[in-house]
There are 2 protein chains.
Amino acid sequence: MNVNRKNHLEARARVLKALAHPTRLFIVEELEKGEQCVCDLTAMIGADVSTVSKHLSVLKQGGIVLDDKRGNQVFYRLRVPCILNFFGCVESVLETQAQDHVDCLTREGA
Amino acid sequence: MNVNRKNHLEARARVLKALAHPTRLFIVEELEKGEQCVCDLTAMIGADVSTVSKHLSVLKQGGIVLDDKRGNQVFYRLRVPCILNFFGCVESVLETQAQDHVDCLTREGA
DNA sequence: TGCCTATTTGGCTATATTGCCAAATAACGA
DNA sequence: TCGTTATTTGGCAATATAGCCAAATAGGCA
C-alpha cells in the first residue's frame, strides 16, 4: 500500500470516525433542519454541556460542521450538504440486516 | 430523545464505526473490485493475519461484508452495493477541507 | 493418521474515547 | 465593575480499540 493511498484512507477514516457516535449523529440530524446553538442541542441531548461541546468539537475537527459565535452563543451548522444522501447507504446496511433477521426467523419457523 | 430514535442512532453509529478505520476502508475498496480471501488481503495490507481477521470480523458484525468459506480459505465480499456512493460524500468533506486549506494559505500570503 | 496451510480466537499491552465535574474564558447587562 | 449566562478546556476514571504473539480450529492431502 503506497503512502498516498494510506494518507487518503486515513483522511477518510477520520471523517467517518467523527460521525460514528449516536450523539454526533443526532447533532447532524438536528443541524440538517438548520443551525443550532450549543445550549439548545444540549437541552435536546440531555448530557452535560461539556460533553456536547466536545462532541461538537469532534465534528468540527472532522470537517462536518462550522461554528459561528454570535453574542455569547455559538451556533453550529453543517458544512457539507450531502450528509443526508450519505445516510441513505447506512440505512441500506441496516435494512439488509433487518431483512436477514426476518429471513432467519422465517427459516427457523418453517 | 425517544427510545426508538436512540436505538436507530446507535445502529447507524455501529455501521459507521465499523467503517471508520484505514485498514477497513482499504478492505472495502479492494472488495469493490470483487471478493478476496483473507490471505490475499493480508498480503496487501502487510499486517498480522490475526489483525486482518479481526478487522474483517468488525466489518462482518457491522453488516458491511459477507464471508464464504470454500476449502480452507474464507472469501469476503461486500454485502451492500452502495458503499461506493457512500464515499462520494466523504470525499466532498475532504475536498472542502482541502479548499479551506488553500483559502487559508491564500489569505496568509495576501 | 499426521502434516501443512488458512483462519479465528484468547490474551496481553498500549492507546484512544467517552462522560462527568470543576475551572477557565467570553459576552452581556445592571 | 460585578454577576449571570454560554461555552470551552483540563483532568480524571471507566471503557473500548488496535495490534501483536501464541494457541486453537478447520480443511486438504499424502
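Residue numbering restarts at 1 for every chain, and letters A, B, ... go by the order of the sequence lines.
- Between atom CG of residue L19(A) and atom CZ of residue R24(A) there is a gap of 8.0 Å, rounded to the nearest 0.5 Å.
- In the set dG19(C), dT17(C), dC20(C), the nucleotide with an atom closest to the side chain of K17(A) is dT17(C).
- Judged by distance alone, with hydrogens and angles left aside, the side-chain atoms of T51(A) form no donor-acceptor pair with the main-chain N or O of A47(A) at under 3.5 Å.
- At the heavy-atom level, Y76(B) lies under 4.0 Å from the strands shown only through sugar-phosphate atoms.
- In plain terms, the two heavy atoms of T23(B) and H21(B) that are nearest each other are N-ND1, 3.0 Å.
- Closest approach of L25(A) to L9(B), counting heavy atoms only: CD1-O, 3.5 Å.
- Between D48(A) and N72(A), the one whose closest nucleotide on DNA chain D sits nearer the 5' end is N72(A).
- Taking for each of A20(B) and G71(B) the nucleotide of DNA chain D with the nearest heavy atom, the 5'-most of the two is the partner of A20(B).
- In the 5' to 3' direction, nucleotides of DNA chain D lying under 4.0 Å from heavy atoms of chain A begin and end at dT5(D) to dG11(D).
- Checked by atom type and distance alone, the side chain of R12(B) never pairs as donor or acceptor with a backbone atom of A20(A) at under 3.5 Å.
- Per the geometry, CG belonging to L19(A) stands 12 Å off P belonging to dT18(C), to the nearest Å.
- We find that E30(A) and R5(B) are joined by a salt bridge, their nearest charged nitrogen and carboxylate oxygen being less than 4.0 Å apart.
- Mapping K69(B) and K69(A) onto DNA chain C by nearest heavy atom places K69(B) at the nucleotide closer to the 5' end.
- Minimum interatomic distance between I64(B) and A18(B) (heavy atoms only, all atoms of both residues): CG1-CB, 4.4 Å.
- Taking for each of R70(A) and T23(A) the nucleotide of DNA chain C with the nearest heavy atom, the 5'-most of the two is the partner of T23(A).
- For the pair M44(A)/L41(A), a side-chain contact is recorded, criterion being any heavy-atom separation below 4.5 Å from C-beta on.
- Annotation: salt bridge (Lys or Arg N to Asp or Glu O under 4.0 Å) contacts of R77(A) (sequence neighbours excluded): none.
- Near DNA chain C, meaning a heavy atom under 4.0 Å from it, residues 50-59 of chain A has S50(A), T51(A), K54(A), H55(A) in order of number.
- Rounded to whole Å, atom P of dG19(C) lies 10 Å from atom CD1 of I27(A).
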